[in-house]
Chemist: 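This is the structure, below, for whatever I ask next.
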Amino acid sequence: MRDLYNILILTGAGISAESGLDTFRGPGGLWAGHRVEDICTPEALERNRALVLDFYDARRAALAQVVPNPAHQALARLEAEWSGNLLIVTQNVDDLHERAGTRKIIHMHGELLSALCEACGRRMCWHGDMADEPPCGTCEAEAAIRPDIVFFGEIPYQMDAIERALAKADLFVSIGTSGAVYPAAGFVQTARHYGAETLELNLEPSAGSYYFEQSRIGPASRLVPEWVDEVLSSNRLS
Ligand code: APR
């Protein structure tokens, strides 16, 4: 086993499921009642702005009702106590990692608590609703504020930084993601290509489960704290 210094963690909706936030796929998932193309595309925003703004207003309201679970807390503890280098890349648009105490994080699919002005390009903190179409607080453009969410067909945030982290990772861990959406679904192969060990922690084998050297199946609230304890008690820091 090689020494361990750089750990890169990819998280998805499954890590927030036990906090009470819906995942996207599967029965009862967020997409179950909607077609993706009706909500999460630039064309949908163009065609039916009210529906898209309502959808994300409802998710922002749901986020205010939930708290981080033991999986988020364990990752925050790992960041605080691990003397190597840890980066979390999340596909989640919630802020539960940060509320648990995580500081080094990339939200590659955007954030619910952020707004993007289509007129001036500014991103700004956002806690209220968007359905009433308030003007941009910076450039004052009307009807230009949209959720700061990366829609299908748009480029995820900070891909350069993510590529660099994948290239130097000693260990890549994927938690609570179905592996259905690229580019995140391909990170395991990139990390392996550069020589990282790979581990999946998920409720069921993901679409790309085959690519992971090790797969542990179960709820994140149990698997993640167990794995964090293992890392912190190991002597593998280089
Ligand atoms: N613990 C661990 N894994 C869980 C749990 C749990 N308690 N509950 C569910 N899961 C797993 C499911 O088995 C599934 O494999 O989490 C995964 C969630 O998959 P998706 O709903 O597809 O969510 P995600 O992979 O994050 O979706 C990726 O798709 O629509 C887009 O932009 C959206 O970021 C999202 C992206």
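Side chains are part of it too, since the values below use all heavy atoms of this structure and drop only hydrogens, waters and symmetry mates. Whatever order the structure lists ligands and atoms in, that order sets their numbers, starting from 1. No experiment lies behind these values; they were computed from the predicted model shown.
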Chemist: May I have all residue pairs that pass ring-ring contact (aromatic ring centres under 6.0 Å, His included) and include part of residues 92-126, sequence neighbours excluded?
Modeler: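 Qualifying pairs, neighbours excluded: H72-H97.
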Chemist: Going by the salt bridge (Lys or Arg N to Asp or Glu O under 4.0 Å) test, which pairs reach into residues 72-93, not counting sequence neighbours?
Modeler: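 Every salt bridge (Lys or Arg N to Asp or Glu O under 4.0 Å) pair that includes a residue of residues 72-93, provided the two are not neighbours, is R77-E81, R77-D229.
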Chemist: Evaluate the salt bridge (Lys or Arg N to Asp or Glu O under 4.0 Å) criterion for residues R49 and E43: first the C-alpha distance (whole Å), next the side-chain angles of each, then the deciding distance (0.1 Å), finally the verdict.
Modeler: CA-CA 9 Å; R49 199 173 181 90; E43 294 77 20; over 6 Å; no
Chemist: Strictly by modelled atom types, are Q214 and T198 linked by a side-chain donor-acceptor pair under 3.5 Å?
Modeler: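 No, because no side-chain N or O of Q214 sits under 3.5 Å from a partner of the opposite role on T198.
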Chemist: Got a sec, which pairs hit salt bridge (Lys or Arg N to Asp or Glu O under 4.0 Å) with one end in residues 153-165, sequence neighbours left out?
Modeler: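 As it turns out, the salt bridge (Lys or Arg N to Asp or Glu O under 4.0 Å) pairs with a partner in residues 153-165, which skip direct neighbours, are R146-E154.
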Chemist: Any side-chain donor-acceptor pair under 3.5 Å between S221 and N69?
Modeler: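 The criterion, which ignores hydrogens and geometry beyond distance, is not satisfied for N69 and S221.
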Chemist: Write none if no such pair exists; otherwise list each N/O atom of ligand 1 with its protein N/O partner under 3.5 Å and the distance.
Modeler:
{"from": "ligand 1", "atom 1": "1 (N)", "to": "A220", "atom 2": "N", "distance (Å)": "2.8"}
{"from": "ligand 1", "atom 1": "3 (N)", "to": "N202", "atom 2": "OD1", "distance (Å)": "3.4"}
{"from": "ligand 1", "atom 1": "3 (N)", "to": "L203", "atom 2": "N", "distance (Å)": "3.2"}
{"from": "ligand 1", "atom 1": "7 (N)", "to": "E18", "atom 2": "OE2", "distance (Å)": "2.8"}
{"from": "ligand 1", "atom 1": "13 (O)", "to": "E204", "atom 2": "OE2", "distance (Å)": "2.8"}
{"from": "ligand 1", "atom 1": "15 (O)", "to": "N202", "atom 2": "ND2", "distance (Å)": "2.9"}
{"from": "ligand 1", "atom 1": "16 (O)", "to": "G176", "atom 2": "O", "distance (Å)": "3.3"}
{"from": "ligand 1", "atom 1": "19 (O)", "to": "S178", "atom 2": "N", "distance (Å)": "3.3"}
{"from": "ligand 1", "atom 1": "21 (O)", "to": "F24", "atom 2": "N", "distance (Å)": "2.7"}
{"from": "ligand 1", "atom 1": "21 (O)", "to": "R25", "atom 2": "N", "distance (Å)": "2.9"}
{"from": "ligand 1", "atom 1": "22 (O)", "to": "R25", "atom 2": "NH1", "distance (Å)": "2.6"}
{"from": "ligand 1", "atom 1": "22 (O)", "to": "S178", "atom 2": "OG", "distance (Å)": "2.6"}
{"from": "ligand 1", "atom 1": "25 (O)", "to": "T177", "atom 2": "OG1", "distance (Å)": "2.6"}
{"from": "ligand 1", "atom 1": "25 (O)", "to": "S178", "atom 2": "N", "distance (Å)": "2.9"}
{"from": "ligand 1", "atom 1": "25 (O)", "to": "S178", "atom 2": "OG", "distance (Å)": "3.4"}
{"from": "ligand 1", "atom 1": "26 (O)", "to": "A13", "atom 2": "N", "distance (Å)": "2.8"}
{"from": "ligand 1", "atom 1": "27 (O)", "to": "R25", "atom 2": "NH1", "distance (Å)": "3.2"}
{"from": "ligand 1", "atom 1": "29 (O)", "to": "R25", "atom 2": "NH1", "distance (Å)": "3.2"}
{"from": "ligand 1", "atom 1": "29 (O)", "to": "R25", "atom 2": "NH2", "distance (Å)": "3.2"}
{"from": "ligand 1", "atom 1": "30 (O)", "to": "R25", "atom 2": "NH2", "distance (Å)": "3.3"}
{"from": "ligand 1", "atom 1": "30 (O)", "to": "W31", "atom 2": "NE1", "distance (Å)": "2.8"}
{"from": "ligand 1", "atom 1": "32 (O)", "to": "H109", "atom 2": "ND1", "distance (Å)": "3.4"}
{"from": "ligand 1", "atom 1": "34 (O)", "to": "Q91", "atom 2": "O", "distance (Å)": "3.2"}
{"from": "ligand 1", "atom 1": "34 (O)", "to": "H109", "atom 2": "ND1", "distance (Å)": "2.8"}

